[in-house]
Engineer: 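Structure below; questions to follow.
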Amino acid sequence: MKHLILTISAAVMLASCAASNYSVKKGGNQVALEGSSWVLAEQVSTEQPTLVVEAGKITGNTGCNNYFSNNVAIDAKAGTFAATELGSTRKACINMSVETGFLNMLQQANRYVVNGESLELYKDNLLLLKFNKK
């Protein structure tokens, strides 16, 4: 369990270091996310976390439980992303720390960048999550 938490933390730290090389990426003038589906780029569990963006809401799977939010503000012109009031199902999972970390990062994201077939969620200039188009 501790090793998995350390692995996820290390991956996030490496991703944030890599993000510093791409500091020229701005959040403005992005592709609209409505109607898109994404899968987390890093293998963190047997089931990969997903993100589905619909009009004013997001849904997906954390790798164990389903999650949802009807309180989502995404502005493609400004490149901003905000998802609050996340809810989820409550199945007991083998590794709840992966799920908790994923949901926390999703709620902290305040901007996004679409780069080809990938979606990057940032908190300011810190890369939190990277997804591949599903």
Side-chain angles (χ1 to χ4, degrees):
M1 174 83 76
K2 289 180 185 178
H3 294 294
L4 185 57
I5 293 170
L6 290 174
T7 302
I8 291 171
S9 298
V12 170
M13 287 175 52
L14 288 173
S16 66
C17 290
S20 66
N21 293 334
Y22 301 104
S23 60
V24 294
K25 288 184 182 177
K26 300 293 181 196
N29 294 323
Q30 294 299 315
V31 175
L33 293 180
E34 186 174 318
S36 63
S37 297
W38 307 88
V39 61
L40 193 65
E42 295 293 321
Q43 182 76 33
V44 294
S45 65
T46 54
E47 293 290 323
Q48 283 301 94
T50 60
L51 171 67
V52 178
V53 183
E54 299 172 24
K57 67 180 182 176
I58 59 172
T59 59
N61 188 282
T62 63
C64 178
N65 283 294
N66 294 320
Y67 70 91
F68 49 88
S69 175
N70 291 327
N71 195 14
V72 178
I74 300 172
D75 183 348
K77 246 185 180 178
T80 57
F81 178 96
T84 57
E85 299 178 16
L86 286 169
S88 69
T89 56
R90 299 258 184 208
K91 288 193 296 187
C93 306
I94 293 172
N95 192 348
M96 293 300 291
S97 61
V98 171
E99 178 172 305
T100 302
F102 175 78
L103 291 174
N104 284 338
M105 287 188 269
L106 193 58
Q107 289 183 95
Q108 289 179 34
N110 59 12
R111 69 181 191 91
Y112 76 96
V113 173
V114 175
N115 189 10
E117 295 291 306
S118 69
L119 166 66
E120 299 170 342
L121 295 181
Y122 291 85
K123 179 176 182 181
D124 302 323
N125 288 324
L126 176 65
L127 177 62
L128 298 177
L129 297 166
K130 183 173 181 178
F131 296 88
N132 293 324
K133 195 154 190 114
K134 196 172 178 182

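All values derive from a computational prediction rather than experimental measurement.
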Engineer: Just wondering, do Ile94 and Thr46 contact through their side chains at under 4.5 Å, heavy atoms?
Structural biologist: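 SC-SC contact between Thr46 and Ile94 ruled out.
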Engineer: Would a 4.5 Å heavy-atom cut-off, applied to side chains only, mark Leu33 and Ile58 as touching?
Structural biologist: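 Leu33 vs Ile58: side chains apart.
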Engineer: Any pair with a residue in residues 84-103 that passes salt bridge (charged side-chain N to carboxylate O under 4.0 Å, His left out), sequence neighbours left out, goes on the list, sorted by first then second residue, please.
Structural biologist: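 Of all non-adjacent pairs touching residues 84-103, none passes salt bridge (charged side-chain N to carboxylate O under 4.0 Å, His left out).
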Engineer: Report whether Phe131 and Met105 are members of the same hydrophobic cluster (ILVMFWY, side-chain heavy atoms less than 4.5 Å apart, transitive linking).
Structural biologist: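 Same cluster.
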Engineer: Are Leu121 and Phe68 connected in a single hydrophobic cluster, I mean Ile/Leu/Val/Met/Phe/Trp/Tyr linked by side-chain heavy atoms less than 4.5 Å apart?
Structural biologist: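 Each belongs to a different hydrophobic cluster.
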Engineer: Is it the case that one hydrophobic cluster holds both Val114 and Leu128, taking links as side-chain heavy atoms less than 4.5 Å apart, direct or via other members?
Structural biologist: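 Yes; tracing contacts between hydrophobic side chains, which count when under 4.5 Å, links both residues.
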Engineer: Could you note down all residue pairs passing disulfide (SG to SG under 2.5 Å) where residues 91-126 supplies at least one of them, sequence neighbours left out?
Structural biologist: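 Residue pairs passing disulfide (SG to SG under 2.5 Å), neighbours aside: Cys64-Cys93.
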Engineer: Would you call Val113 and Gln30 a side-chain contact if the rule is heavy atoms closer than 4.5 Å?
Structural biologist: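 Of all side-chain heavy-atom pairs linking Gln30 with Val113, at least one is under 4.5 Å.
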Engineer: Within the distance-only criterion (no hydrogens, no angle test), does the side chain of Gln48 pair as donor or acceptor with the backbone N or O of Glu42 below 3.5 angstrom?
Structural biologist: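 Side chain of Gln48 to backbone of Glu42, a donor-acceptor pair under 3.5 Å: yes, one is there.
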Engineer: Between the side chain of Thr89 and the main-chain N/O of Asn65, is any donor-acceptor distance below 3.5 Å?
Structural biologist: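 No; zero donor-acceptor contacts below 3.5 Å.
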Engineer: What pair of heavy atoms forms the shortest contact from Thr50 to Tyr67, and how long is it?
Structural biologist: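 Answer, listing the atom of Thr50 first, then Tyr67: O-OH, 2.6 Å.
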Engineer: Tell me whether Glu54 at atom CD has more than 12 heavy atoms from other residues, nucleotides or ligands lying less than 6.0 Å away.
Structural biologist: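 Atom CD in Glu54 is packed in, count exceeds 12.
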Engineer: Which pair of non-hydrogen atoms, one from Phe81 and one from Leu106, has the smallest distance, and what is that distance?
Structural biologist: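 Answer, listing the atom of Phe81 first, then Leu106: CE2-O, 3.9 Å.
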Engineer: Donor-acceptor check, side chain of Thr80 to backbone of Asn110, threshold 3.5 angstrom: yes or no?
Structural biologist: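 Absent.
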Engineer: Minimum heavy-atom separation for Tyr112 to Val31, with atom names?
Structural biologist: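 The pair with the smallest heavy-atom distance is OH-O, 2.9 Å.
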Engineer: Checking Asp124 side chain against Leu126 main chain: does a donor-acceptor pair fall under 3.5 Å?
Structural biologist: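 Not at all, since once roles are kept as given, no pair shorter than 3.5 Å links the two residues.
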Engineer: Contact between Asn125 and Arg111 at the side-chain level, heavy atoms closer than 4.5 Å - yes or no?
Structural biologist: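 Counting from C-beta outward, Asn125 and Arg111 do come under 4.5 Å.
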Engineer: Quick check for you: to the nearest 0.5 Å, what is the distance between Leu119 atom CG and Lys130 atom NZ?
Structural biologist: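 The NZ atom of Lys130 is 10.5 Å from CG of Leu119, to the nearest 0.5 Å.
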Engineer: Calculate, to the nearest 0.5 Å, the distance between atoms CD and CH2 belonging to Glu117 and Trp38 respectively.
Structural biologist: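 Here the interatomic distance stands at 7.0 Å.
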Engineer: Ignoring hydrogens, what is the shortest heavy-atom contact between Leu103 and Leu86? Give both atom names and the distance.
Structural biologist: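 For Leu103 and Leu86, the tightest heavy-atom pair comes out as O-CD1, 3.8 Å.
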Engineer: Does some side-chain heavy atom of Leu129 sit less than 4.5 Å from a side-chain heavy atom of Leu40?
Structural biologist: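 Yes, close enough: below the 4.5 Å cut-off.
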